[in-house]
Structure formats: C-alpha cells, structure tokens
Amino acid sequence: MKKNIKEIIAWALVLVILVGTPIIIMYYSHTNNHTQKRMIHLTGVASQGVWTEDEVEAADLTFKTFKRANIVLTQGEEVIFRFTSADVTHTFYAPEIGLGPIVVEAGHYYDIPFTPKLTGKFTYYCTVFCGHCHNFMRGNIVVLTSEQAANRSLAASITMDTIRPTCCAPYRELTDGTNLPFLKRGKLLFLDNGCYTCHGDSGKGGVYNPNYVNRTIPDLITLAKKLKIGDKQEADSLIKILETGTELDKLNDNPPFASYCRFYAQYNSISTKIKDGAPIVLKADSLSFNPPLTMPSWSANLSKRDINSIIAYFISIYNWDND
Amino acid sequence: MNKMEKESGIKIPMDVKNGKNTDLLTKFPLLKRILKARSFQFIIILPNLFVFYVIILAGIIGSPVGNRNIAIVFIWILWWFLLIAIMVPFASRVWCTMCPLPFFGDLFQRMAFIKVRLGKTAYLRNKMFGLNKKWPKYLTNIWIQNIGFLTLCTFSAVLVTRPFVTSIVLGLMLLLGTVMSMIWKLRSFCSYICPVSGFLSLYSSAATMELRRIDNDVCLKCKDKGCYKGNEKGYGCPWSEYMGTMERNNYCGLCTECLKTCPNDNIGLNTRSFASETIIKGYDESWKGFIMLALAMAYSVILLGTNGTIKNWANAPETGNWGGFFIYAAILWSSALVVVPAVFYFFAYLSKLITKSTQSVKEIFKTFSYILVPLGLLAWIAFSFPLIFVNGSYIISVISDPLGWGWNLFGTAGFKWQPLVPDYLGYVQLILLLTGLGFAISRGYRVSLNIFKDEHTALMGLLPMAGFALLVTLAFLTFFIG
C-alpha cells in the first residue's frame with residue numbers, strides 16, 4: 001500500500017509538471033503584462049526589415065513573415081511602447097512626434113510611456129544600420145483626433161499603411177554570379193540594396209525626410225542632368241567608358257566630349273557619396289532634430305564597378321525627349 | 001591477474017586493483033540510504049524533467065534571442081560546463097543518473113516510476129513492457145554515437161545559438177529514446193544512440209569516482225545476480241552490465257539499481273585517482289577520442305576564434321554560404337575521422353620502430369589511444385571555461401526571465417552581461433592544458449608498461465606518443481591564447 005502511495009504521488013507530480021508548466025507560463029504572462037494603459041509591443045526583425053506588432057517567437061523567426069507595424073494612436077491617449085529586438089541592435093526613432101531615439105538591444109525590453117500631442121501621419125525609422133534590410137525598417141505612426149477615431153471609415157482611410165515596399169530576398173541573378181549586362185547589373189544592384197526605399201520607386205524620389213532642407217530625398221532619374229551630360233550621344237559614350245572600366249581621371253587630358261570636365265567633377269562627387277556615405281544632412285530647422293534618413297556608406301557592399309554600373313543605369317534611363 | 005586482465009591481456013593499475021580507494025557509502029551511511037531508496041532516481045530526475053520541459057517550451061515559444069532564452073543559456077552555457085568540467089571528471093556518468101531523456105522510455109518499459117514489477121523478460125526477473133527486442137550485435141559499439149555526435153556538432157554554430165533548433169534536437173532525442181524503449185530492451189538508446197552518452201562513456205573512464213563491487217569473491221559465490229537480472233528490490237541493470245566483472249566506468253550509467261538489488265550489499269561508490277582506468281577496448285572508443293579532440297579544435301576556431309571566414313562557413317544555415325559550409329564540414333569530418341587518427345597512427349608506428357616491439361602497430365595505436373582521454377577531457381574543460389566565465393552572467397538574468405518575455409521573477413532580469421576575470425582565463429586554460437598533458441604522459445607510461453616488456457622499452461615507446469600529446473597541447477595553446 002505504501003509503495004502504491006509513492007507511485008501515485010510520483011504520477012501526480014509528473015502530471016503537475018507536464019500540465020501545470022504551460023498553464024503557469026500563460027497565466028503569469030497574462031498577469032505580468034497587465035496594465036491600465038494600452039501597451040504597443042514592437043519587435044525589430046532585421047532579417048525582414050520590419051518593426052512588427054506580431055509575436056516573434058523562437059520557432060517562427062525563420063519561417064514566418066512579419067507584418068510591419070502601422071501604429072494608430074489617439075491624440076492624448078497614454079500608451080506604453082514596449083520595444084525589443086529579435087536579432088540585432090536597432091534604434092527606434094519617430095522624430096516628428098518626439099519618440100526616441102531608443103536604442104533597442106536584442107532580447108532586452110524597453111518600456112517607454114508616451115502620450116501623442118500632435119495629430120497626423122508620421123514616419124518611424126530604425127537609425128542604426130542593422131543589416132541588408134535596414135533601409136526598409138520604417139512605418140507609420142498615425143495619431144487621430146478623438147473625432148476621427150470615432151468615425152471608423154474615416155479612421156480607416158487615414159490610417160492606411162502608405163509605406164512601401166518590404167524587404168525581399170536578394171536577386172538570384174546577382175547572387176548566382178552570372179555575367180549580367182552592365183546596365184542590368186546596375187538596375188539589379190539598385191533594387192537589391194534597397195536604394196529605392198529612400199530614392200523612391202525606380203529612383204523617382206519623393207520620399208519624405210523630416211527636417212531635411214530639401215524636404216524629400218533626391219531622385220535618381222535625372223542623374224544624367226545632375227552629372228552635366230549634354231545629350232544622348234554624350235550619355236552613350238560615357239556609358240561605354242564606364243562599362244569598359246577606363247580610369248576616368250586619365251581622360252581629363254583628352255576629353256571624349258566638350259563638357260567632360262564638368263561631368264567628371266560631378267561624377268567624382270556622386271560616386272564618393274555612394275562609396276563613403278553622407279552622414280551629415282542639412283536641416284530645415286537648424287535648432288531641431290537631425291533628419292533620420294542619411295546616405296549610408298556602401299563601400300562594403302559595392303565595388304567601384306558596381307557603383308559605375310548603377311550610375312550608368314540611371315544615365316541610360318534619362319528621357320532626353322523631355323529636355 | 002583478474003578476469004578482466006586475462007581477457008584483455010592488460011594489467012590493471014595496482015592502485016585500482018588493490019582497492020586503495022575510499023568507499024563513500026561506508027563513509028557516509030546517509031548517502032547509502034539515499035541511493036538505496038527506490039524513489040532516489042525518480043526524485044533526482046523530476047526537477048530536471050521540469051527544467052527540460054521549460055527549455056523545450058522556451059525553445060519554441062520563447063525569445064529567438066539566444067542569450068535571453070533559457071534553452072541556450074542553460075543548455076550550452078550552464079549544463080555543458082557542469083557536465084564537462086564538474087560531473088564527468090569528478091562524478092563519472094552522474095548526469096545519466098538524472099538525465100530526463102530516458103524518463104518516458106523507462107516508464108513505458110516498467111509501467112511504473114518507482115515500484116518494481118517482478119516477472120520474466122528474457123534473462124531478467126522483472127516484468128518489462130514493450131517488444132524487448134535484442135539490440136543487433138554488430139551495433140553493440142559506439143560508432144553510431146560517434147557519427148551522431150559529429151553530425152550534431154557539424155551544425156553546432158546554429159545548434160548552440162538558435163533556441164528553436166536546440167529545442168527541436170532535444171525533443172527529437174526524447175522522442176527517439178522513448179520509441180526505442182518500446183522496441184528494444186533496456187536502455188538501447190542510452191547505450192548505443194545518444195550522442196552525449198558516447199563521449200560520457202569515454203571520458204568517464206577518467207573520473208575520480210566509480211561504482212564497483214566491494215569484494216570479488218562475494219560476486220563469484222553469488223547465485224542471485226540481482227544486479228544483472230533484477231529482483232524484488234529493483235530492476236536488472238538497464239545498461240546490461242554485470243557488477244561481478246565490470247572494471248570500467250564507460251558503460252555504467254550510475255542508475256543505482258545494483259545498489260538496491262545486490263543481495264549481499266556488495267556495491268561500493270569509490271573515489272579514485274584521476275584517469276586511473278587506462279583501458280581502451282575497441283576502435284570505436286579510440287575514434288571517439290579522435291573525434292572529441294578534432295571537435296575541441298574546431299570549436300576553438302569557430303566559437304572562440306577570430307577568423308570570420310570560417311565562422312561564416314560554419315554558420316551556413318544563417319549566412320546561406322552552403323559552398324563554404326561543405327568545405328568546413330569536409331575539413332571537420334576528414335580531420336576527425338582520418339587526419340588526426342592518421343597522425344596518431346604515424347606516432348604509433350614510430351613507437352613500434354623505436355622499441356622494435358613484436359606488437360602490431362594497430363594494437364599499439366589502439367592501446368595508446370587512452371592518452372586522448374585526459375588530453376581531450378582537459379582540452380574540453382579549457383575550452384568550456386570561457387563559456388561560463390564570459391557568458392555566465394546571462395544565467396542570472398535568464399533565471400528571472402526564462403522565455404525572454406520581459407518577466408522579472410526574481411528581480412535579476414536586468415543583470416548586465418559581465419565577463420568574469422577575462423584577463424586571467426588564458427592562464428586558467430594554460431594550467432588545464434598542461435595538466436592534461438601531464439596526465440596524458442603519466443597515464444601513457446602506464447599504458448606503455450602494459451604494451452612493452454620492461455620499463456626502459458616502455459619509456460622509449462612512450463616518447464613518440466608524448467610528442468603527439470605535446471603537439472596537440474601546443475595547438476590548443478595557440479587556439480586559446482595565441
């Protein structure tokens with residue numbers, strides 16, 4: 001009988017562990033996160049270039065695609081932002097509404113109380129280079145007035161996610177190492193490195209950079225004009241020069257066309273900017289915050305020939321008919 | 001000469017044979033009472049089962065960040081250090097006493113946690129459930145464990161950093177252990193499959209503790225053989241070991257069943273000197289030594305080293321550099337299975353050449369491979385010290401937040417990463433490696449005495465092997481200290 005009692009106790013203990021453990025975990029998790037204020041839990045995922053409100057668990061980091069957080073607040077609402085990172089160190093920054101910058105280390109939790117005073121649509125960013133998809137790590141924080149919040153259809157139209165696109169896998173053609181045509185390589189490098197997240201779809205520009213003196217990031221479709229190239233003929237000859245890998249400075253003594261020296265000065269300035277980055281951006285309001293979008297250095301990702309192929313691609317797509 | 005010596009033709013060291021060791025059970029009667037209690041193993045496994053369960057859950061639903069998840073911090077920092085630096089050298093296979101992996105397999109076979117079922121199953125006097133098939137004779141070695149361990153370690157860069165992968169591997173091992181218990185008799189999973197058990201078997205031979213018969217004659221006269229067959233007090237040895245002839249720690253899982261079943265109270269838990277069991281019985285054990293040595297070197301480069309390219313190759317599942325990974329895997333496997341054994345064979349050949357021995361090179365190679373035990377074990381301990389000293393502070397924070405969900409159970413979740421005496425780790429590693437070298441040479445001399453005729457020849461025969469041990473130590477010193 002005594003032996004049977006021990007056995008019964010043993011069974012009971014094992015059952016308590018097997019059934020009780022998940023129950024206790026869920027119960028504690030529920031009570032621990034209980035707060036009167038709304039908690040907005042944002043997790044940075046560098047591999048997908050998103051701040052997400054989805055739960056990021058160990059099991060699904062590899063398989064799941066996370067939805068970018070499109071945060072909707074009501075003016076005057078007291079909320080708590082809980083930041084964490086699933087992989088590397090990020091910085092969350094929404095400068096226009098005074099949230100951040102908050103350095104978010106992997107696995108750590110940062111609870112930041114916040115009450116929005118301004119209304120409108122604001123952009124948040126990650127401002128430390130966190131990997132291949134860093135340029136994609138941005139989204140909207142929409143702050144509604146209480147009247148707007150009460151009108152559901154109006155709220156839905158205002159709060160629609162307007163940030164595009166999301167980070168994607170590298171282009172196979174590039175990673176396969178095949179010999180791509182020079183101009184196509186330039187186009188794919190532009191896409192693959194996510195340059196369009198700042199320079200706009202197809203390099204059309206128009207991406208807003210808060211407190212930047214020119215308001216939006218420069219486009220690239222008019223690069224041929226910025227390089228002081230006179231006409232299509234000059235453009236074609238320059239593309240050929242860039243493709244053959246000729247040292248451009250050696251052509252200064254014997255320029256291939258009349259305006260070559262002006263082109264060369266501009267080319268030098270732009271290619272250096274791509275290679276070394278431009279960390280300082282002129283502010284619209286010199287006493288206010290730094291614009292969050294700055295040109296990073298691409299020297300680790302792009303060779304000189306890569307940079308030339310991107311420049312050549314944008315020279316090639318310039319529409320000379322509209323000149 | 002006892003039975004083991006007759007069978008192997010190897011002399012067992014006198015300090016082992018003469019029983020100069022201390023029997024802890026005689027010295028500490030309370031310990032004996034605890035170990036003889038039927039519920040002992042259940043009670044010691046239960047907390048581990050709980051932690052193991054939390055670890056598996058954390059690996060699935062917890063934070064994907066390794067240093068904030070109990071699955072990574074407890075398994076690859078805390079458990080690994082305790083296992084390799086404390087349990088194995090001082091307490092042999094005591095981990096097997098408390099390992100939760102065979103818990104459900106044992107439950108299935110016995111249909112009980114504590115009580116004993118009498119009956120008849122093959123040679124056992126216990127009623128065992130399941131198919132109870134006999135494990136194939138050609139697989140009664142540790143080759144599968146060798147290959148399994150090497151395979152797991154090939155993916156170590158992901159295994160030890162991704163909680164989900166750790167959790168899945170542990171879960172699969174638990175499942176495999178349970179399923180195998182349903183098909184094959186006793187602990188076939190632990191004896192022949194479990195990759196951890198493989199290296200525990202080799203390195204436990206160096207442990208300063210052993211479970212052994214007290215008096216040979218008592219065993220010879222014993223008709224009951226309860227330790228092997230089981231009786232109303234307990235189960236027959238789950239590892240199929242017979243205490244009457246057991247001379248090595250290698251395949252004793254310290255389950256303490258024999259303590260309960262021995263009708264003559266003839267089992268002792270002895271302390272002994274380090275690396276006193278200088279016997280290698282088969283090439284599977286020799287190769288385990290080579291694999292462990294090669295892996296310790298590989299890990300030193302991948303986990304502690306500074307070469308980004310090799311780290312990138314090893315971490316292919318994350319970096320996607322599968323071409324590099326295959327190069328890394330090919331180097332690792334060929335080093336562990338071919339290059340290191342070939343170099344050792346060359347030194348064994350030199351040993352034969354110098355001594356002009358009539359023993360075959362193969363025999364010299366196999367017998368001398370024991371020096372890999374103290375050498376490898378101390379190298380692994382030296383490798384593991386930085387893990388606990390540099391990353392040990394994560395244990396304090398993860399105790400309060402095991403799933404990395406922002407909890408603070410004991411107020412230590414915010415404890416900052418803080419490496420402990422990093423400036424002195426190199427010296428600790430140096431001392432450990434030199435200790436390993438010292439034991440490899442001194443135990444190598446014992447081995448050499450068993451192979452060669454006289455002390456002078458033994459000394460000459462040892463020289464090339466000591467050279468090998470010195471080279472390995474220098475290699476590790478380069479990896480660890482630079």
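Being a predicted model, the structure only gives us computed values, none of them experimental. Chain naming here is simple, since letters A, B, ... match the order of the sequence lines and numbering starts at 1 in each. No hydrogens, no waters, no symmetry mates; every other heavy atom, side chains included, goes into these values.
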Quick one: closest heavy-atom pair of B:I114 and A:A10, and the distance? CD1-CB, 3.9 Å

A:I5 CD1 to B:K115 NZ distance, which is reported to the nearest 0.5 Å: 12.5 Å

Tell me, please, which residues at least two apart from B:P422 pass side-chain contact (heavy atoms from CB on, under 4.5 Å). B:P419

List in chain and number order the residues that pass ring-ring contact (aromatic ring centres under 6.0 Å, His included) with B:W95, two or more places apart in sequence or in another chain; answer none if no residue qualifies. B:W79

Segment of B:I61 engaging chain A (4.5 angstrom heavy-atom cut-off): both

Under 4.5 Å between any side-chain heavy atoms of B:W405 and A:I25, yes or no? yes

Under 4.5 Å between any side-chain heavy atoms of B:L107 and A:W11, yes or no? yes

Under 4.5 Å to a heavy atom of chain A? For B:A413 that would be neither

Yes or no on side chain to side chain contact (heavy atoms under 4.5 Å, CB included) for A:V14 and B:L46, after CA distance, side-chain angles and deciding distance? CA-CA 7 Å; A:V14 172; B:L46 201 65; 3.9 Å; yes

Can you tell me if CZ on B:R33 sees more than 12 non-hydrogen neighbours from other groups inside 6.0 Å? no

Counting only non-hydrogen atoms closer than 4.5 Å, does B:F52 touch chain A with its backbone (N, CA, C, O), its side chain (CB onward), both, or neither? neither

If one checks every heavy atom of B:F50 against chain A at 4.5 Å, the contacting part turns out to be both

Can you tell me how far CD1 of B:I56 sits from OG1 of A:T21, rounded to the nearest 0.5 angstrom? 11.5 Å

For A:E57 versus B:I60, what's the shortest heavy-atom pair and its separation? CB-O, 3.6 Å

Using 0.5 Å steps for rounding, measure from the OH atom of A:Y109 to the CG atom of B:D401. 6.5 Å

Side chain, backbone, both or neither: which part of A:T43 has a non-hydrogen atom closer than 4.5 Å to chain B? neither

Nearest non-hydrogen partners of A:A106 and B:N67, listed with the distance: O-OD1, 4.5 Å

Can you establish whether the number of heavy atoms outside A:K64 located under 6.0 Å from its atom NZ is more than 12? yes

To the nearest 0.5 Å, atom NE2 of A:H108 lies from atom OG of B:S397 at 7.0 Å

As an exercise, state the distance from CZ of B:F42 to CG of A:L13, rounded to the nearest 0.5 Å. 5.5 Å

Among A:V45, A:D87, A:V56, exactly one meets side chain to side chain contact (heavy atoms under 4.5 Å, CB included) together with B:P64. Which residue is that? A:V56

Tell me, side chain or backbone of B:L403 under 4.5 Å from chain A's heavy atoms, or both, or neither? side chain

Hey, does the side chain of B:Y53 reach the backbone of A:P22 with a donor-acceptor pair shorter than 3.5 angstrom? no

